[in-house]
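Here the structure is laid out as structure tokens; the discussion comes afterwards.
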Protein chains: 2
Amino acid sequence: MISRLEALCLEKGLKMTGQRRVISQVLSEADDHPDVEEVHRRALLIDPRISIATVYRTMRLLEEAQVIERLDFGDGRARYEEAGADHHHHLIDTRTGRVIEFSCSELEAIKERIARELGYRIVAHRLEIYGVPLDEEEGKK
Amino acid sequence: MISRLEALCLEKGLKMTGQRRVISQVLSEADDHPDVEEVHRRALLIDPRISIATVYRTMRLLEEAQVIERLDFGDGRARYEEAGADHHHHLIDTRTGRVIEFSCSELEAIKERIARELGYRIVAHRLEIYGVPLDEEEGKK
DNA sequence: ACTAGGAATGCGAATGATTTTCAGTATTAT
DNA sequence: ATAATACTGAAAATCATTCGCATTCCTAGT
Ligand SMILES: [Mn+2]
Ligand SMILES: [Mn+2]
Ligand SMILES: [Zn+2]
Ligand SMILES: [Zn+2]
């Protein structure tokens, strides 16, 4: 039972160590956007001798290998998610920290058009929406 | 000759010290997106005894008072610009670091619609495009 | 399976941006 | 002018992340 990410690492010819296998598994099983500390915490449950430095190194390696994506939700730390899934963006509930994913082809098209009009080819982009639930608002009135 | 930002600070009832006056002036005169070090550098030209700690404190104060906006272009440090101007986003040239501002009401409308559909009211949002010039690409071919 | 050599790990120290602490100083209302 | 209070500079503290280095682990070649 090798994880999706482990398979990807093998394809890319990365040396597979025990800790990389564990971290790959953690990331393959994650359906959220964990930060490094959280990945480390989950990795320790599988193998209690993985150091945080190795998690940092591995996250960077996987990011450079394009198998995971680094996100930034405005607090100081980097969040990660498996790459390759459908392109999407995030709406962050500022009250609870809950993250909702969304995608919108119109948005992507407009963004492409804007870059083209400005004479640029897009190499990356980021879009995040921070919000509060509408129903909580009603409650206040 | 009090600067725009100084006027805003006075309106908000902030205590006006020499260093705040200087930093307000620097920010009022800026037409780019300086980071804290750069604001400090420019402030020192006006008054050479302003400490970087005070610049950090004042930037935070001004941000909380909503007279400036904090930006994040992906490198580790915060950038700032005067708030209140027309809402816009940024395209960052990854080769040169050049920043191009743009705005697009369609984009804003779609973003509002998405949030509403997800049951949220937007309290903040960010959109940046990172790109490389099209003409440089042609040159390569 | 065995081994050599290069790469990866764990630990702690180093970094870089930002914040905080604290003693001294400036600002504002009286 | 004075007192109360907020602000400042300098250095220490934080926090996330990276690095240095001695040790250990893979993997290709035997
Ligand atoms: Mn996601
Ligand atoms: Mn701008
Ligand atoms: Zn997109
Ligand atoms: Zn916008």
Side-chain angles (χ1 to χ4, degrees), chain A residues 2 5-7 9-27 33-44 46-65 67-80 97, chain B residues 2 5-7 9-27 33-41 43-65 67-80 97:
Chain A
I2 72 173
L5 259 58
E6 184 179 343
C9 290
L10 289 170
E11 272 180 44
K12 307 236 174 190
L14 301 179
K15 186 186 274 193
M16 279 318 295
T17 65
Q19 10 308 59
R20 287 184 182 174
R21 239 185 295 278
V22 170
I23 294 168
S24 295
Q25 183 188 333
V26 165
L27 293 170
H33 306 86
D35 60 22
V36 172
E37 296 265 11
E38 181 58 32
V39 173
H40 185 220
R41 219 171 286 129
R42 296 179 193 177
L44 286 179
I46 303 175
D47 178 343
R49 73 193 129 175
I50 292 177
S51 87
I52 186 83
T54 295
V55 180
Y56 270 109
R57 274 189 288 244
T58 304
M59 299 308 278
R60 193 136 77 110
L61 180 82
L62 296 180
E63 190 199 345
E64 279 159 9
V67 310
I68 62 176
E69 264 176 53
R70 182 205 297 263
L71 306 172
D72 169 13
F73 293 164
D75 51 358
R77 53 230 138 120
R79 310 302 192 91
Y80 294 89
Chain B
I2 70 171
L5 259 57
E6 185 179 342
C9 291
L10 288 170
E11 272 179 45
K12 307 234 174 193
L14 302 179
K15 188 185 273 193
M16 278 317 296
T17 65
Q19 357 331 44
R20 287 185 183 172
R21 241 185 295 276
V22 169
I23 293 168
S24 296
Q25 183 188 334
V26 165
L27 293 170
H33 306 85
D35 60 22
V36 171
E37 296 265 12
E38 181 59 30
V39 173
H40 185 220
R41 219 171 285 130
L44 287 179
L45 298 177
I46 302 175
D47 178 344
R49 71 193 132 175
I50 292 177
S51 86
I52 187 83
T54 296
V55 179
Y56 270 109
R57 273 190 288 244
T58 304
M59 300 307 278
R60 193 136 78 110
L61 181 82
L62 296 180
E63 191 199 345
E64 280 161 7
V67 309
I68 62 176
E69 264 177 55
R70 182 205 298 262
L71 306 172
D72 170 12
F73 292 164
D75 51 0
R77 54 229 135 120
R79 309 304 190 91
Y80 293 90

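So you know, we letter chains A, B, ... as the sequences are listed, proteins then strands, and number each from 1.
The side chain of B:Gln19 contributes an N or O atom lying less than 4.0 Å from OP1 or OP2 of D:dG9. OP1 or OP2 of D:dT18 has at least one side-chain nitrogen or oxygen of A:Arg60 nearer than 4.0 Å. Side-chain N/O atoms of A:Thr17 include one lying less than 4.0 angstrom from OP1 or OP2 on C:dT9. Under 4.0 angstrom from either OP1 or OP2 of C:dT18 there lies at least one side-chain N or O belonging to B:Tyr56.
As rounded to whole Å, 14 Å separates atom C1' of C:dT9 from atom CE of A:Met16. Atom pair B:Ile52:CD1 and C:dA17:P shows a separation of 10 Å (rounding to whole Å applied). In this entry the distance linking CG of A:Asp35 with P of D:dC15 reads 14 Å, nearest Å. In this structure, CZ of B:Arg41 is placed 11 Å from P of C:dA17, rounded to the nearest angstrom. Here C:dA17 presents its P atom at 14 Å from NE2 of B:His40, a figure rounded to the nearest Å. The distance between atom CE of A:Met59 and atom P of D:dT18, rounded to the nearest whole Å, is 11 Å. For the pair B:Phe73 CZ and C:dA17 C1', the interatomic distance rounds to 17 Å; values are reported in whole Å. Nucleotide D:dC7 holds its P atom 13 Å from the CZ atom of B:Arg21, rounded to whole Å.
The nearest heavy atom of DNA chain C to A:Ser51 and to B:Arg70 marks one nucleotide each, and the one closer to the 5' end goes with A:Ser51. Both A:Leu14 and B:Leu10 lie near DNA chain C, and the one whose nearest nucleotide falls closer to the 5' end is A:Leu14.
Evaluation of atom-type donor-acceptor distances gives no pair under 3.5 Å for the side chain of A:Arg77 against the base of D:dT14.
Across all strands, A:Ile50 comes closer than 4.0 Å only to sugar-phosphate atoms, never to a base (heavy-atom distances). B:Arg20 comes within 4.0 angstrom of sugar-phosphate atoms only, judged by non-hydrogen atoms across all strands, and of no base.
Listed candidates were D:dT27, D:dC19, D:dA16. Nearest to the side chain of A:Glu37 is D:dA16. Nearest nucleotide to the A:Arg57 side chain, out of C:dA7, C:dT20, D:dG20: D:dG20.
For A:Phe73 and A:His33, the distance between ring centers is under 6.0 angstrom.
Here the shortest heavy-atom pairing between B:Arg21 and B:Met16 reads NH2-O, 3.5 Å. Across B:Glu38 and B:Pro34, no two heavy atoms sit closer than the pair CG-CB, 3.7 Å.
Panel note: side chain A:Arg70, backbone A:Glu63; no donor-acceptor pair is recorded below 3.5 Å.
Surrounding CZ of B:Arg49 are at most 12 heavy atoms belonging to other residues, nucleotides or ligands under 6.0 Å away.
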